[in-house]
Amino acid sequence: MRALRALLFNVLFFGGTAVLCLSLIPLMLFGRKANQFVGHAWCRLVQFMLRYSVGMRRRITGLENLPKGPCILVAKHQSAWETLTFHTVVEDPAYILKKELTKIPVFGQFLTLSGQIAVDRSAGGSALKDMIKGAQKALEENRQVIIFPEGTRTPPGSNRPYHPGIYALYKAFPDYKVIPVALNSGMFWGRHSFMKYGGQVTMELMKPIEPDLDRKTFMKEIKTRIDTRTKELENQAQHEFNLPMLTSDDIEAEEAKSDSKAKAETAE
């Protein structure tokens with residue numbers, strides 16, 4: 001039954017995405033907010049599909065820690081789920097994402113025109129400057145900047161390092177709150193996984209990181225807070241919804257695959 005429901009979702013997801021993007025192409029002519037509307041519409045559509053095909057619901061906690069207006073959200077990244085969900089949690093998200101995504105036909109154009117922050121990871125030091133410049137523009141527009149510090153989707157249970165770009169944002173914009181975000185989405189919708197599992201995915205927005213920390217203290221603090229809470233949410237989901245848990249071999253294989261892909265993209 002789970003496999004049939006997952007098949008139904010995948011058919012709806014790819015078919016619905018194609019129809020929505022093609023039907024809303026005319027909105028590309030009407031500026032950034034119109035293109036951002038397309039993103040909101042698509043994300044709400046997929047959330048609806050997840051709920052009524054595979055029974056995947058959501059639970060958002062810690063909203064009292066989300067300031068009104070601009071801020072920086074530093075989130076665990078296990079699945080496509082959180083990239084959809086932030087669009088329905090904050091008003092005007094600006095994702096820091098890899099430039100390759102903007103090359104996807106139609107979808108990539110919507111990303112660019114909606115003002116997402118595309119970074120060329122092969123560009124070295126200039127990539128960091130572009131990220132800071134894009135984040136500054138977004139924050140000045142009263143938007144919420146979202147960064148995934150591991151740089152790619154990682155399986156539950158993994159322990160990948162956080163890239164120092166998050167400290168660059170923290171240091172460059174001391175007047176904006178930095179909010180750590182933990183979640184357990186990878187338990188329900190794994191990377192490259194056909195299967196989607198029913199249950200309640202949790203995203204938790206935690207208290208802002210203290211200001212004026214040095215780099216070493218900041219990097220340790222934000223990783224510890226996000227990873228510790230993420231592990232707790234993973235364990236809760238596994239027991240509450242009887243979900244499969246990746247073994248250490250599974251995690252190592254996934255991380256090796258991610259590393260190989262990242263190296264290939266950098267070499268291009």
**Q** With sequence neighbours excluded, give me every ring-ring contact (aromatic ring centres under 6.0 Å, His included) pair touching residues 118-147.
**A**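 Qualifying pairs: none.
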**Q** If two hydrophobic side chains count as joined below 4.5 Å and joins carry through other members, does Phe110 share a cluster with Leu29?
**A**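 Phe110 clusters together with Leu29.
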**Q** Step by step, work out the side chain to side chain contact (heavy atoms under 4.5 Å, CB included) result for Glu82 and Met203.
**A** CA-CA 8 Å; Glu82 51 269 16; Met203 171 186 283; 4.1 Å; yes
**Q** Quick check: is Val74 connected to Leu139 through a chain of hydrophobic side chains (ILVMFWY, heavy atoms under 4.5 Å apart)?
**A**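 Yes.
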**Q** Walk me through whether Glu234 and Gln238 qualify under side chain to side chain donor-acceptor pair (under 3.5 Å).
**A** CA-CA 6 Å; Glu234 290 169 355; Gln238 202 276 327; over 6 Å; no
**Q** Minimum heavy-atom separation for Val181 and Phe86, please, with both atom names.
**A**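 The answer is CG1-CZ, 4.1 Å.
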**Q** Please report the interatomic distance CD1(Ile96) to CG(Asp130), rounded to the nearest 0.5 Å.
**A**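 Rounded to the nearest 0.5 Å, the CD1-CG separation comes out at 11.5 Å.
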**Q** Side-chain atoms of residues 166-177: list all donor-acceptor pairs with protein atoms under 3.5 Å, sequence neighbours left out, distances to 0.1 Å.
**A**
{"residue": "Tyr167", "atom": "OH", "partner": "Arg215", "partner atom": "N", "Å": "3.4"}
{"residue": "Tyr170", "atom": "OH", "partner": "Glu210", "partner atom": "O", "Å": "2.6"}
{"residue": "Tyr170", "atom": "OH", "partner": "Asp212", "partner atom": "N", "Å": "2.9"}
{"residue": "Tyr170", "atom": "OH", "partner": "Leu213", "partner atom": "N", "Å": "2.7"}

**Q** Checking Lys133 now: which residues fulfil salt bridge (charged side-chain N to carboxylate O under 4.0 Å, His left out) with it, not counting sequence neighbours?
**A**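 For Lys133 there are no salt bridge (charged side-chain N to carboxylate O under 4.0 Å, His left out) partners, ignoring immediate neighbours.
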**Q** So which pairs with a foot in residues 54-70 pass side-chain hydrogen bond (donor to acceptor under 3.5 Å, both in side chains), sequence neighbours left out?
**A**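 Qualifying pairs: Arg58-Thr88, Arg59-Gln200, Arg59-Thr202.
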**Q** Considering non-hydrogen atoms only, spot the tightest contact between Ile226 and Pro180 and give its length.
**A**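 The answer is CG1-CB, 3.6 Å.
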**Q** Any side-chain donor-acceptor pair under 3.5 Å between Thr85 and Gln47?
**A**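 Note: Thr85 and Gln47 side chains meet the donor-acceptor criterion.
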**Q** Going only through I, L, V, M, F, W and Y residues with side-chain contacts under 4.5 Å, is there a path from Leu84 to Leu111?
**A**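 Per the 4.5 Å side-chain linkage, Leu84 and Leu111 are co-clustered.
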**Q** Evaluate the criterion side chain to side chain contact (heavy atoms under 4.5 Å, CB included) for residue pair Ile60 and Leu205; output intermediate values, then yes/no.
**A** CA-CA 8 Å; Ile60 312 297; Leu205 286 73; 4.1 Å; yes
**Q** Identify the two heavy atoms, one from Leu66 and one from Cys71, that lie closest to each other, and give their separation to 0.1 Å.
**A**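 Minimum heavy-atom separation between Leu66 and Cys71: CD1-SG, 4.0 Å.
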**Q** Supply the atom-to-atom distance Leu73 CG to Met206 CE, rounded to the nearest 0.5 angstrom.
**A**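 Going from CG on Leu73 over to CE on Met206, the span is 11.0 Å.
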**Q** Does the side chain to side chain contact (heavy atoms under 4.5 Å, CB included) test come out yes or no for Met131 and Leu128, once each step is laid out?
**A** CA-CA 5 Å; Met131 182 186 74; Leu128 187 60; 3.5 Å; yes
**Q** Phe241: which residues meet the ring pair (Phe, Tyr, Trp, His ring centres under 6.0 Å) condition with it, sequence neighbours left out?
**A**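 Phe241: ring pair (Phe, Tyr, Trp, His ring centres under 6.0 Å) contacts with Phe188.
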**Q** Once side-chain hydrogen bond (donor to acceptor under 3.5 Å, both in side chains) is applied, what residue pairs with a partner in residues 29-42 remain, sequence neighbours excluded?
**A**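 Checked against side-chain hydrogen bond (donor to acceptor under 3.5 Å, both in side chains) - neighbours excluded - the pairs reaching residues 29-42 are Thr17-Trp42, Arg32-Asp92, Gln36-Asp92, Gln36-Gln116.
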**Q** Starting from Phe48 and following side-chain heavy-atom contacts under 4.5 Å between hydrophobic residues (I, L, V, M, F, W, Y), which residues can be reached?
**A**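 So far as hydrophobic clustering goes, Phe48 is joined with Tyr52.
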**Q** Report yes if the side chains of Leu97 and Thr83 come closer than 4.5 Å at any heavy-atom pair, otherwise no.
**A**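 They are not in contact (no side-chain heavy atoms under 4.5 Å apart), so the answer is no.
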**Q** How far apart are the closest heavy atoms of Val119 and Ala127, and which atoms are they?
**A**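 Shortest heavy-atom separation between Val119 and Ala127 comes out as CG1-CB, 3.6 Å.
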**Q** Ser53 and Leu8: which non-hydrogen atoms are nearest, and at how many Å?
**A**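 Result for this residue pair: CB-CD2, 4.0 Å.
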**Q** Enumerate the residue pairs fulfilling ring-ring contact (aromatic ring centres under 6.0 Å, His included) with a member in residues 120-166, sequence neighbours excluded, ordered by first and then second residue.
**A**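 Of all non-adjacent pairs touching residues 120-166, those that pass ring-ring contact (aromatic ring centres under 6.0 Å, His included) are His77-Phe148.
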**Q** With no hydrogens and no angle check, do the side chains of Gln136 and Glu140 hold a donor and an acceptor under 3.5 Å apart?
**A**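 Yes.
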**Q** Mind checking what makes side-chain hydrogen bond (donor to acceptor under 3.5 Å, both in side chains) contact with Glu141, not counting sequence neighbours?
**A**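 Residues passing side-chain hydrogen bond (donor to acceptor under 3.5 Å, both in side chains) with Glu141: Lys137.
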**Q** For Phe37, what residues pass the ring pair (Phe, Tyr, Trp, His ring centres under 6.0 Å) criterion, not counting sequence neighbours?
**A**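 Result, ring pair (Phe, Tyr, Trp, His ring centres under 6.0 Å) vs Phe37: none returned.
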**Q** Going by heavy atoms in the side chains, are Ile209 and Phe218 under 4.5 Å from each other?
**A**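 A side-chain contact exists here, since the closest heavy-atom pair is under 4.5 Å.
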**Q** Please give me the minimum heavy-atom distance between Leu183 and Thr230, naming the atom from each residue.
**A**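 That closest heavy-atom pairing would be O-CG2, 3.3 Å.
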**Q** First locate atom CG of Asp214, then atom OG1 of Thr217, and finally report the distance between them rounded to the nearest 0.5 Å.
**A**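 Reported value, rounded in 0.5 Å steps: 3.5 Å.
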**Q** Can you name the residues that form a salt bridge (charged side-chain N to carboxylate O under 4.0 Å, His left out) with Asp227, not counting sequence neighbours?
**A**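 Partners of Asp227 by the salt bridge (charged side-chain N to carboxylate O under 4.0 Å, His left out) criterion, ordered by chain and then number, come out as Lys76, Lys223.
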**Q** Using side-chain heavy atoms (C-beta onward) and a distance below 4.5 Å, is Arg153 in contact with Gln78?
**A**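 Answer no - side chains too far apart.
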**Q** Under a 4.5 Å cut-off applied to non-hydrogen side-chain atoms, are Leu233 and Met187 in contact?
**A**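 Leu233 vs Met187: side chains apart.
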**Q** Tell me whether Ile146 shares a hydrophobic cluster with Val46, the cluster being built from Ile, Leu, Val, Met, Phe, Trp, Tyr side chains joined at under 4.5 Å.
**A**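 Hydrophobic grouping puts Ile146 with Val46.
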**Q** Is Glu100 salt-bridged to Lys103, cutoff N-O under 4.0 Å?
**A**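 A salt bridge is absent here (no side-chain N lies under 4.0 Å from a carboxylate O).
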**Q** Mind checking whether Pro208 and Val178 have side chains closer than 4.5 Å, heavy atoms only?
**A**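 The answer is no; the side chains never approach within 4.5 Å.
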**Q** Report the residues that fulfil side chain to side chain contact (heavy atoms under 4.5 Å, CB included) with Met49, sequence neighbours left out, ordered by chain and then residue number.
**A**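 So Met49 forms a side chain to side chain contact (heavy atoms under 4.5 Å, CB included) with Phe9, Leu12, Leu45.
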**Q** State, yes or no, whether a side-chain contact exists between Phe194 and Leu7 at a heavy-atom distance under 4.5 Å.
**A**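 Yes - at least one pair of side-chain heavy atoms lies under 4.5 Å apart.
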**Q** Tell me whether Ile179 shares a hydrophobic cluster with Ile222, the cluster being built from Ile, Leu, Val, Met, Phe, Trp, Tyr side chains joined at under 4.5 Å.
**A**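 No, Ile179 does not connect to Ile222 through the hydrophobic network.
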**Q** Is there a side-chain contact between Arg225 and Lys207 (heavy atoms, below 4.5 Å)?
**A**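 A side-chain contact under 4.5 Å exists here.
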